[in-house]
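Since this is a predicted model, take the numbers as computed values, not measurements.
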Amino acid sequence: MISLTFLLFIFANYFVLDSSIGLGDFYKYSSLLWLLILIYMFKNPIIIFGDHYLLKNSHLNEPRKFLIWSRKILKPIDDKDKIVYNTTLKNVDFIISDIQTLQKSVPMLSQSALTAETLSKKLQVPRRHIEFVFKYYCRYSISDFSNLVKVCYALSLINEGFLDHFTVASLGEKCLFNSRYTFSTNFKKFVGISVSDYINSDFNTKFLF
């Protein structure tokens, strides 16, 4: 931008000092030069907005996929967990699939958080097995997983226009967060921006999980 301004300054002084060129010609050619500069700037918005701003917003505009589950064991099995491992070996895929179904179930999310206890009761699987699956096949702790699912539920409600009629505090309460602070903290933790920034942005961020 500085280089373009410097070139325009030289160009303008050339026309002013050259007596063979009238003032009308100067305005005509300088306007043409400004038009070319504006076209160049619109084709290269990084000049106007800066690379940090564009990278941030282009990231928001892309679908973001949360990698939660792994079909392979994420770390070595502790000796104390080997008995459970042998017991659940054939059922791990089924347990994970059932949890994935629940994490997308609106009736479930609007009634209770996805903790080891609620999952155990809902899936009729021993709690020890649920804890084992989270420990070795999930990239999040049970607590973080529960908060992540609630945040994703909040995002779906926002995109459906929930905040057109209700407050952010009401949204957090509907998603079963204990307080607005807890909701806001977890929202920013997983989404990367605050609730207000997400609402005021012109981007519809899609989260896949």
Side-chain angles (χ1 to χ4, degrees), residues 45 48-71 74 94-125 127 129-209:
I48 303 173
F49 298 105
D51 55 351
H52 177 73
Y53 176 84
L54 289 178
L55 287 173
K56 177 182 177 181
N57 287 329
S58 63
H59 172 72
L60 288 176
N61 201 30
E62 296 178 353
R64 178 176 174 182
K65 186 173 183 179
F66 289 111
L67 297 177
I68 298 177
W69 299 100
S70 172
R71 296 297 177 179
L74 295 173
F94 295 105
I95 294 174
I96 293 176
S97 296
D98 288 342
I99 294 175
Q100 288 176 321
T101 300
L102 288 179
Q103 74 187 38
K104 299 177 183 179
S105 170
V106 172
M108 178 69 182
L109 298 179
S110 60
Q111 295 175 7
S112 60
L114 298 182
T115 63
E117 183 176 356
T118 57
L119 288 171
S120 175
K121 291 179 179 179
K122 194 70 177 179
L123 300 179
Q124 296 184 346
V125 174
R127 178 171 176 170
H129 293 187
I130 297 294
E131 292 172 341
F132 176 87
V133 169
F134 271 94
K135 183 176 180 179
Y136 293 102
Y137 293 92
C138 186
R139 294 181 174 87
Y140 294 88
S141 66
I142 297 179
S143 176
D144 281 343
F145 169 79
S146 178
N147 288 329
L148 171 58
V149 171
K150 289 189 288 185
V151 166
C152 288
Y153 179 43
L155 286 168
S156 67
L157 291 175
I158 292 173
N159 294 335
E160 291 171 3
F162 182 90
L163 292 178
D164 293 341
H165 308 285
F166 300 96
T167 64
V168 174
S170 298
L171 176 62
E173 183 178 348
K174 184 173 180 61
C175 296
L176 306 181
F177 282 100
N178 295 328
S179 66
R180 176 170 177 169
Y181 173 78
T182 305
F183 170 51
S184 299
T185 301
N186 280 282
F187 190 96
K188 188 169 185 179
K189 175 181 178 180
F190 294 111
V191 179
I193 56 176
S194 66
V195 181
S196 59
D197 286 342
Y198 180 84
I199 296 169
N200 295 326
S201 68
D202 295 328
F203 301 90
N204 294 319
T205 310
K206 296 181 179 179
F207 290 80
L208 309 175
F209 68 105

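- Shortest non-hydrogen contact noted between N147 and F177 is OD1-CE2, 3.7 Å.
- Looking at I130 and I95, their side chains come closer than 4.5 Å, going by heavy atoms from C-beta outward.
- Rounded to the nearest 0.5 Å, atoms CD1 (I199) and OG (S194) are 8.0 Å apart.
- Smallest separation of non-hydrogen atoms from F183 and A154: CE1-CB, 3.7 Å.
- Side-chain contact check for T118 versus L102: every heavy-atom pair is 4.5 Å or farther apart.
- Less than 6.0 angstrom separates the ring centroid of F134 from the ring centroid of W69.
- Residues F162 and K174 form a side-chain contact, since some pair of their non-hydrogen atoms from C-beta on lies under 4.5 Å apart.
- No side-chain heavy atom of F190 sits less than 4.5 Å from a side-chain heavy atom of C152.
- Two residues are said to be in side-chain contact when any heavy atoms from C-beta on lie closer than 4.5 Å; S156 and Y153 meet this criterion.
- A salt bridge links D144 and K189; the closest N-O separation between the charged side-chain nitrogens and carboxylate oxygens is under 4.0 Å.
- At distances below 3.5 Å, not a single donor-acceptor pair connects side-chain atoms of T185 with backbone N or O atoms of T182.
- With a 4.5 Å cut-off on side-chain heavy atoms, L148 and Q103 do not count as touching.
- Separating the NZ atom in K121 from the OG atom in S112 is a distance of 9.5 Å, to the nearest 0.5 Å.
- What you find for C175 and K150 is that their closest heavy atoms are O-CD, 2.9 Å.
- Within the 3.5 Å criterion, the main-chain N or O of T115 finds no donor-acceptor partner in the side chain of S146.
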Legend entry - Pair Y137-I99, side-chain contact (heavy atoms from CB on, under 4.5 Å): steps then yes or no: CA-CA 12 Å; Y137 293 92; I99 294 175; over 6 Å; no
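- For the atom pair S97 OG and R71 CZ, the distance stands at 4.5 Å (nearest 0.5 Å).
- Atoms CG and NE2, from L119 and H129 in turn, are 14.5 Å apart once rounded to the nearest 0.5 Å.
- Side chain of S120 to backbone of A116: no donor-acceptor contact under 3.5 angstrom is found.
- Between R127 and E131, at least one side-chain nitrogen of the basic residue sits less than 4.0 Å from a carboxylate oxygen of the acidic one, meeting the salt-bridge criterion.
- More than 12 heavy atoms of other residues, nucleotides or ligands sit less than 6.0 Å from atom NZ of K135.
- When all heavy atoms are compared, the tightest approach of L67 to Y140 is O-CE1, 3.8 Å.
- Residues L109 and L114 meet the side-chain proximity criterion, which asks for heavy atoms closer than 4.5 Å.
- To the nearest 0.5 angstrom, K122 atom NZ is 12.0 Å from T101 atom OG1.
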